K.L.:
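Supplied in structure tokens, the structure appears directly below.
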Amino acid sequence: MNAPSPALTCTFFVRDYDLAATLSSGQSFRWEKKDESWIGVVAGKWVKLDSGPGSITATVAEPVADWQWIIHYLQLEIGFEDIVRTFPADAPMQTALQACRGLRLLRQDPWECLASFILSSTKQIVQIQQIITLLTERFGSPLPVRAPYPPAFSFPSAERLTRCTEAELRACKMGFRAPYLLETARTIAASQFELQRIGALSLEDARARLTGLPGVGRKIADCVLLFAYGFPTAFPVDVWVMKALKQLYFPRSRKMNLKRLHSFSAEHFGCHSGYAQQYLFHYMRTKHENAKRS
DNA sequence: GCCCAGGTGAAGC
DNA sequence: GCTTCACATGGG
């Protein structure tokens with residue numbers, strides 16, 4: 001077989017892939033929409049994604065022969081229909097599914113995902129994006145970019161962040177999250193904690209390891225387990241998912257606390273409950289604008 | 001001014 | 001075990 005020759009673009013044929021919903025659904029915070037394209041950084045490479053009918057085209061700044069990194073990130077090879085089929089048949093779930101069919105889960109870099117969600121607590125998605133943009137501009141490395149697009153930067157490594165002061169991090173507008181990020185970066189960089197090994201553990205053990213890090217509780221751990229490691233039943237419950245579960249499933253119960261909702265979700269949403277969770281989250285966040293459009 | 005945002009950890013009961 | 005509160009910052 002001939003090795004594929006290096007190229008600047010590659011087109012992938014896809015079905016049921018809503019790129020816009022996927023990249024704007026609060027999994028990753030590094031995507032910016034420019035005209036009809038999405039600009040981001042994946043695996044240390046600047047990349048532009050364009051969605052066509054039944055296809056996604058990736059464009060990079062320097063020719064590459066192997067596109068596996070973007071295939072993996074976008075999860076282009078998963079059996080989407082097989083996942084959606086496992087969702088419960090109840091009305092709320094089917095409404096959410098219909099509202100944003102084609103929404104996918106990404107497979108992100110564990111460190112970037114962990115650091116990003118440490119910065120996410122009680123912040124709106126736009127603000128998380130602002131913080132991460134500042135962090136990458138100040139402490140990441142500049143990457144080759146295609147003209148005429150603005151400069152892009154890698155996500156700073158844990159080791160790089162250990163050389164920051166807390167004040168420098170706070171200056172990225174992250175507030176009280178700065179010491180959490182700094183301490184976690186130190187733990188990771190000192191190899192007291194191997195992110196590599198988390199994926200081989202059971203869900204419960206992996207979650208226990210992550211929640212041992214400062215600033216990482218159940219919710220942030222579940223985000224990393226789902227968005228970076230692909231644990232299919234990690235089920236992050238934030239304020240939106242909480243609202244979705246209470247309003248859609250327990251409209252007249254006053255005593256549904258976090259713990260009860262976790263046990264409900266574990267038995268109700270099936271073997272891909274994490275995927276189902278992302279549909280509920282995105283549906284709740286966007287249903288008002290959808291209502292306006294239709 | 002107020003309430004809220006992909007929460008967590010510590011203190012109080 | 002649970003509930004309450006402080007913690008920065010910016011949007012609506």
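Since this is a predicted model, take the numbers as computed values, not measurements. First the proteins, then the strands, lettered A, B, ... as listed; each starts at 1. No hydrogens, no waters, no symmetry mates; every other heavy atom, side chains included, goes into these values.
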K.L.:
Determine whether the aromatic ring centres of residues Tyr279(A) and Phe87(A) are separated by less than 6.0 angstrom.
P.N.:
yes
K.L.:
Please collect all side chain to side chain donor-acceptor pair (under 3.5 Å) contacts where either partner lies in residues 222-245 of chain A, sequence neighbours excluded, each pair once.
P.N.:
Arg207(A)-Asp222(A), Arg218(A)-Asp222(A)
K.L.:
Could you check which residues of residues 17-26 of chain A get a heavy atom under 4.0 Å from DNA chain B? Sort them by number, please.
P.N.:
Ser25(A), Gly26(A)
K.L.:
Residues from residues 119-131 of chain A sitting under 4.0 Å of DNA chain C, heavy atoms only?
P.N.:
Thr122(A), Lys123(A), Gln124(A), Gln127(A)
K.L.:
Please name all residues satisfying ring pair (Phe, Tyr, Trp, His ring centres under 6.0 Å) with Phe235(A), sequence neighbours left out, ordered by chain then number.
P.N.:
Phe269(A)
K.L.:
Would you say whether Phe117(A) stacks on dG6(B)? The test is a distance between ring centres of less than 5.5 Å and an angle between planes of less than 30°.
P.N.:
no
K.L.:
Can I get a per-line list of side-chain donor-acceptor pairs under 3.5 Å for residues 52-70 of chain A, giving both atom names and the distance, sequence neighbours left out?
P.N.:
residue	atom	partner	partner atom	Å
Thr57(A)	OG1	Thr11(A)	OG1	2.9
Asp66(A)	OD1	Gln68(A)	N	2.9
Trp69(A)	NE1	Asp66(A)	O	3.0

K.L.:
Please list all pairs meeting side chain to side chain donor-acceptor pair (under 3.5 Å) that have one or both residues in residues 249-269 of chain A, counting only residues at least two apart or in different chains.
P.N.:
Asp90(A)-Tyr249(A), Asp90(A)-His268(A)
K.L.:
Connecting only ILVMFWY residues whose side-chain heavy atoms lie within less than 4.5 Å of each other, what is the rest of Leu143(A)'s hydrophobic cluster?
P.N.:
Val41(A)
K.L.:
I need the residues from residues 207-218 of chain A with at least one non-hydrogen atom less than 4.0 Å from DNA chain B; give them sorted by number, or say none.
P.N.:
Leu213(A), Pro214(A), Gly215(A), Val216(A), Gly217(A), Arg218(A)
K.L.:
Could you check which residues of residues 247-261 of chain A get a heavy atom under 4.0 Å from DNA chain B? Sort them by number, please.
P.N.:
none
K.L.:
Quick check on contacts: within residues 164-180 of chain A, what sits under 4.0 Å from DNA chain C by heavy-atom distance?
P.N.:
Arg170(A), Lys173(A), Gly175(A), Phe176(A), Arg177(A)
K.L.:
Name all pairs fulfilling the side chain to side chain donor-acceptor pair (under 3.5 Å) condition that reach into residues 139-153 of chain A, sequence neighbours left out, sorted by first residue then second.
P.N.:
none
K.L.:
Going 5' to 3' along DNA chain C, which nucleotides are the first and last within contact of chain A (any atom under 4.0 Å from a heavy atom)?
P.N.:
dC2(C) to dG11(C)
